[in-house]
Amino acid sequence: MEYPFSSIEKKWQDFWDEHQSFKAENKSDKPKFFVLVEFPYPSGQGLHVGHPRSYTALDSVARMKRMQGFNVLFPMGWDAYGLPTENFAIKNHIHPRIVTERNVANFKRQLKSIGFSFDWSREINTTDPSYYKWTQWIFLKLFEKGLAYKKEMPINWCTVCKCGLANEEVVNGVCERCGGEVVQKNKNQWMLKITAYADRLIDDLDTIDFLEKIKTQQKNWIGKSTGAEVKFALDGVDDSLTVFTTRPDTLFGATYMVISPEHPMLEKYADKITNIDAVNTYRREAAKKSEFERTELVHDKTGVKLEGISGINPVNGNKLPIFVSDYVLMTYGTGAIMAVPAHDTRDWDFAKKFDLPIIEVVAGGENVQEAAYTDVANGTMINSGMLDGLSCQEAIKTIIAWLEEKGLGKEKVNFKLRDWVFSRQRYWGEPIPIVHCPKCGQVPVPYDQLPLTLPDIEDFEPDEDGGSPLNRATEWINTTCPACGGAAQRETDTMPQWAGSSWYFLRYTDPHNDEALASPEALNYWMPVDWYNGGMEHTTLHLLYSRFWHKFLYDVGVVPGPEPYQKRTSHGMILGENNEKMSKSRGNVVNPDEMVETYGADSLRAYELFIGAFDQTTPWKMDGIKGCHNFLKRVWNMLELVTPGEGYGALETSFHKAIKKVGEDLDKTKFNTAIATLMALSNEIYKQGSITKDALATFIMLLNPVAPHITEEMWQRLSLPGVLSSTPWPVYDEAKTVDDVIEIAVTINGKVRGKISVPQDISKEDLEAMALANESVKPFLEGKTLKKIIAIPGKIVNIVVQ
RNA sequence: GCCCGAGUGGCGGAAUAGGCAGACGCCUGGGACUUAAAAUCCCAUGUCGGCAACGGCGUACCGGUUCAAGUCCGGUCUCGGGCACCA
């Protein structure tokens with residue numbers, strides 16, 4: 001019997017469109033379930049087979065949850081602002097809006113051809129003015145609360161994109177997007193104060209269900225460290241130098257100090273530093289290096305000693321030389337450190353190079369002249385006056401108390417997390433709704449004038465010095481000040497791509513609302529997202545940014561809870577058949593259109609899930625999708641195996657087991673074993689040679705979340721009532737998931753020597769007796785002394801002999 | 001360097017409150033049906049020895065705990081991911 005997948009798939013996709021089968025209602029007696037996948041950036045290349053992995057997985061979850069009686073929201077949209085579109089527009093002289101429209105149409109066609117159960121009535125697009133009106137609204141709220149501010153600061157500057165980048169977008173010293181060289185450049189930039197939320201972004205991780213490695217990565221990125229600030233008096237001037245250290249216990253071991261080349265003290269006391277020329281030469285060289293070059297040469301420490309000025313160790317009055325060196329960063333802590341070469345590897349390297357004393361203050365390691373001993377958990381203080389004999393942990397507490405009492409220092413927490421560089425000098429992004437007035441300064445565009453729409457221009461190339469292309473939109477720029485009515489100019493920087501994606505899930509709950517980003521009722525009903533899946537590459541960027549915005553929106557009373565996503569999972573990447581990352585240049589891209597054409601959407605879907613463990617990276621195999629296609633053909637041919645009768649017949653236990661296993665596996669992202677279970681069940685059905693209509697109905701219900709078209713068609717051909725996608729999920733009886741008779745292995749000294757079939761509820765004594773009486777076991781017992789029998793009903797019997 | 005994660009057949013991968021290693025799929029070999037092929041169905045398929053019954057060996061490596069280890073503990077190696085002069 002031929003399996004006409006093309007016509008079946010077309011038929012049911014049209015049916016779902018026509019009936020809006022997956023439209024979610026904002027009111028329902030059913031419990032809600034909000035399923036979210038990361039919305040795609042509609043690139044010119046279209047989808048490759050990696051994209052549908054996430055969509056198929058959560059589509060099957062969404063479909064199962066609907067059948068299980070949930071009111072499911074499973075939406076889709078377009079994260080359409082961004083550089084590739086703009087670059088394509090520059091190259092081909094087409095407006096990015098046109099490019100975006102074209103790409104979105106293509107993506108949407110592709111997604112529809114795979115049969116996802118998205119609620120298309122809630123489709124959103126970040127470049128739509130009715131959408132970015134609310135992105136701008138959130139920005140104004142942030143500005144109002146002092147969390148958006150403009151600041152002259154060195155930023156990461158991509159020399160190819162001619163654009164500022166957030167720290168998160170610089171990977172190995174190059175631009176994450178284009179691979180161009182990144183240098184430091186002073187620019188007046190809009191910043192968002194994400195650091196104000198650092199603690200909450202860490203602490204609230206305890207309240208949500210994220211994969212453990214995602215939590216770890218977020219924590220590492222935020223990089224909280226607790227230590228102390230210590231004030232060192234200066235010798236030579238009447239001032240002090242404050243350092244940050246996580247190891248105040250080692251204060252007695254400080255033998256010198258280091259400040260960053262950008263440290264303000266160097267300007268302030270230029271006249272006191274007798275070798276200021278040498279110092280300035282060093283500073284100029286350091287400034288020329290990019291951040292990348294500075295960190296590249298990790299082991300080669302450089303620096304210059306300041307002459308005419310030195311520090312005084314507050315605990316023992318020792319005079320400490322001060323060095324300027326670029327291994328100390330101005331952007332972390334105070335830009336100055338106390339160096340304890342005996343117990344810090346970087347300080348140790350530097351001390352060796354400049355021949356500085358190394359004083360051991362924590363006993364427990366090897367010779368500190370040979371290597372630094374950095375273990376804070378095991379060690380006892382020595383050479384440390386009042387701290388002698390204490391453990392490091394005790395010493396930290398003691399010394400902080402002492403410093404606080406003397407007014408020389410205090411406990412201090414530092415974060416690696418920096419504020420978010422929010423400006424982009426590009427065209428294809430949301431305009432920042434601020435007006436610069438010569439009299440009033442930065443004035444927000446009034447809320448009732450939002451959206452501030454992006455003007456149409458012809459030339460999207462940035463200025464040579466990195467100004468936004470919007471600088472040339474003279475008519476748009478020149479405006480009046482909303483505060484005083486005088487002549488003023490608009491901000492020409494635009495927002496980064498992360499802006500629109502930091503709150504998009506909220507818009508899905510009420511996508512056509514003109515009065516608010518979403519109504520409180522809709523937000524109260526749907527939020528938080530119950531299950532969010534996306535790529536591991538978004539763990540430190542998108543996930544952190546959107547959590548930050550959500551917490552802010554919670555603080556200003558817009559959303560009902562502090563966390564946007566109750567549960568977050570991540571899928572592994574799909575590689576090309578040659579085990580390399582899929583890319584156009586490697587020529588190993590597999591296009592889902594071809595798979596749908598050749599094998600059908602259901603086969604593609606089944607293989608996307610069957611390909612391997614969901615969170616694991618795994619290569620695509622054409623033979624693999626063929627295997628899934630064969631499975632569906634076998635399923636289709638079951639229509640010919642139907643025989644009269646009711647219930648599950650001899651397959652009763654297998655069916656109850658399968659219902660349990662498939663449901664649990666889909667909930668636990670074990671999609672591959674859910675499908676394996678159904679394959680095994682189909683093998684049993686074939687072995688039996690027939691199947692009742694009842695049993696086949698259950699089988700296709702279980703398969704429906706994975707392969708919705710074929711199962712819907714079979715449901716109809718079996719003349720079963722209604723539409724499968726809105727039929728309740730089958731239920732199992734726990735008691736019937738257990739076989740009456742089970743096979744137990746009998747091992748002797750751990751080696752399997754026989755198998756016995758026993759009633760499932762056999763007693764331990766009977767099990768032992770049966771094992772000993774077993775014919776294939778007996779020969780191994782002859783002439784041996786029985787030492788012990790371990791019989792575990794339901795598992796195993798192990799006989800120990802000598 | 002630091003922090004995660006992972007190493008299982010020819011391949012993708014199953015099995016972890018310790019209990020028959022290799023489910024399921026692919027590849028390969030054989031068979032049935034067919035004039036033939038395709039499609040479909042059935043059988044075999046970790047490895048070594050053996051005609052076979054059967055036996056030995058096997059979850060990266062070394063050692064340990066246990067009646068029993070892919071699973072737990074100690075150490076080593078390799079690969080993948082993240083962070084990285086963050087004091």
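These values consider heavy atoms only, across backbone and side chains, with no hydrogens, waters or symmetry-generated copies. So you know, we letter chains A, B, ... as the sequences are listed, proteins then strands, and number each from 1.
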Checklist entry - With nearest nucleotides of RNA chain B determined for A:G333 and A:I675 from heavy-atom distances, which residue corresponds to the more 5′ nucleotide? => result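 That would be A:I675.
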
Item to check | 5' precedence on RNA chain B between A:G750 and A:D344 (nearest-nucleotide basis) | outcome: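 Its nearest nucleotide being more 5', the pick is A:G750.
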
With both distances under 3.5 Å as the test, what is the Watson-Crick or G-U wobble partner of [N]?
| N | result |
| --- | --- |
| B:rC11 | B:rG25 |
| B:rA6 | B:rU78 |
| B:rG50 | none |
| B:rG1 | B:rC83 |
| B:rG63 | B:rC73 |
| B:rC41 | B:rG31 |

Quick test of your reading of the model: are [X] and [Y] salt-bridged, counting only N-O distances below 4.0 Å?
| X | Y | value |
| --- | --- | --- |
| A:E580 | A:R586 | yes |
| A:K621 | A:D623 | no |
| A:K224 | A:D199 | yes |
| A:E640 | A:K633 | no |
| A:E775 | A:K778 | yes |
| A:K657 | A:D739 | yes |

Look at all strands and tell whether [X] reaches a base, only sugar-phosphate, or nothing, counting heavy atoms closer than 4.0 Å.
| X | value |
| --- | --- |
| A:K661 | nothing |
| A:T539 | nothing |
| A:I792 | base |
| A:N672 | sugar-phosphate |
| A:N637 | nothing |
| A:T345 | nothing |
| A:F323 | nothing |
| A:E212 | nothing |

Which nucleotide sits closest to the side chain of [X]: [options]?
| X | options | value |
| --- | --- | --- |
| A:N798 | B:rG19, B:rA87, B:rC24 | B:rG19 |
| A:T618 | B:rC83, B:rG13, B:rG19 | B:rG13 |
| A:A613 | B:rG13, B:rA87, B:rG56 | B:rG13 |
| A:W221 | B:rC83, B:rC20, B:rC85 | B:rC83 |
| A:I790 | B:rG19, B:rG55, B:rG25 | B:rG19 |
| A:D623 | B:rA87, B:rC20, B:rC26 | B:rC26 |
| A:Y327 | B:rC85, B:rA87, B:rC3 | B:rC85 |
| A:T673 | B:rG56, B:rA15, B:rC85 | B:rA15 |
| A:N630 | B:rG19, B:rC26, B:rG13 | B:rC26 |
| A:F610 | B:rC11, B:rG25, B:rA87 | B:rG25 |

Inter-nucleotide [atom1] distance ([N], [M]), Å rounded:
| N | M | atom1 | value |
| --- | --- | --- | --- |
| B:rA32 | B:rA69 | C1' | 44 Å |
| B:rC85 | B:rA17 | P | 41 Å |
| B:rU8 | B:rU78 | C1' | 15 Å |
| B:rG9 | B:rC3 | P | 29 Å |
| B:rG7 | B:rU76 | C1' | 14 Å |
| B:rC27 | B:rG82 | C1' | 36 Å |
| B:rG81 | B:rG70 | P | 30 Å |
| B:rG74 | B:rA87 | C1' | 33 Å |

Checklist entry - B:rC20 base to A:K755 side chain: any donor-acceptor pair below 3.5 Å? => result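 Result: at least one qualifying N/O pair found.
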
Checklist entry - Quick one: the side chain of A:K795 and the base of B:rC20, do they pair up donor-acceptor inside 3.5 Å? => result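 Side chain to base: no pair below 3.5 Å.
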
Does a side-chain N or O from [X] land closer than 4.0 Å to OP1 or OP2 of [N], or not?
| X | N | result |
| --- | --- | --- |
| A:T677 | B:rA23 | no |
| A:R753 | B:rC20 | no |
| A:R634 | B:rC41 | yes |
| A:K219 | B:rC2 | no |
| A:K788 | B:rC67 | yes |
| A:K670 | B:rA15 | yes |

Distance in angstrom units between [X] [atom1] and [N] [atom2], rounded:
| X | N | atom1 | atom2 | result |
| --- | --- | --- | --- | --- |
| A:I337 | B:rC85 | CD1 | P | 14 Å |
| A:K416 | B:rC3 | NZ | P | 12 Å |
| A:L641 | B:rC41 | CG | P | 10 Å |
| A:K626 | B:rA38 | NZ | P | 13 Å |
| A:L632 | B:rG25 | CG | C1' | 13 Å |
| A:K633 | B:rG25 | NZ | P | 15 Å |
| A:L541 | B:rC83 | CG | P | 9 Å |
| A:E537 | B:rG82 | CD | P | 10 Å |

Checklist entry - Can you check whether A:K305 reaches A:V324 side chain to side chain, under 4.5 Å on heavy atoms? => result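 Sidechains of A:V324 and A:K305: no contact.
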
Next on the checklist: Is there a side-chain contact between A:I796 and A:T747 in this structure, where contact means two heavy atoms from C-beta onward sitting under 4.5 Å apart?
Outcome noted: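 Yes, close enough: below the 4.5 Å cut-off.
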
Next on the checklist: Applying the side chain to side chain donor-acceptor pair (under 3.5 Å) criterion to A:T569, which one of A:D209, A:D615, A:N533 satisfies it?
Outcome noted: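 The single option meeting the side chain to side chain donor-acceptor pair (under 3.5 Å) with A:T569 is A:N533.
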
Next on the checklist: By the rule that syn is within 90° of 0, classify the base conformation of B:rG82 as syn or anti.
Outcome noted: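 Anti conformation here, the glycosidic angle of B:rG82 being more than 90° from 0.
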
Next on the checklist: A:F415 vs A:Y332, test: ring pair (Phe, Tyr, Trp, His ring centres under 6.0 Å). Steps then yes/no.
Outcome noted: CA-CA 8 Å; A:F415 297 94; A:Y332 183 78; 9.4 Å; no

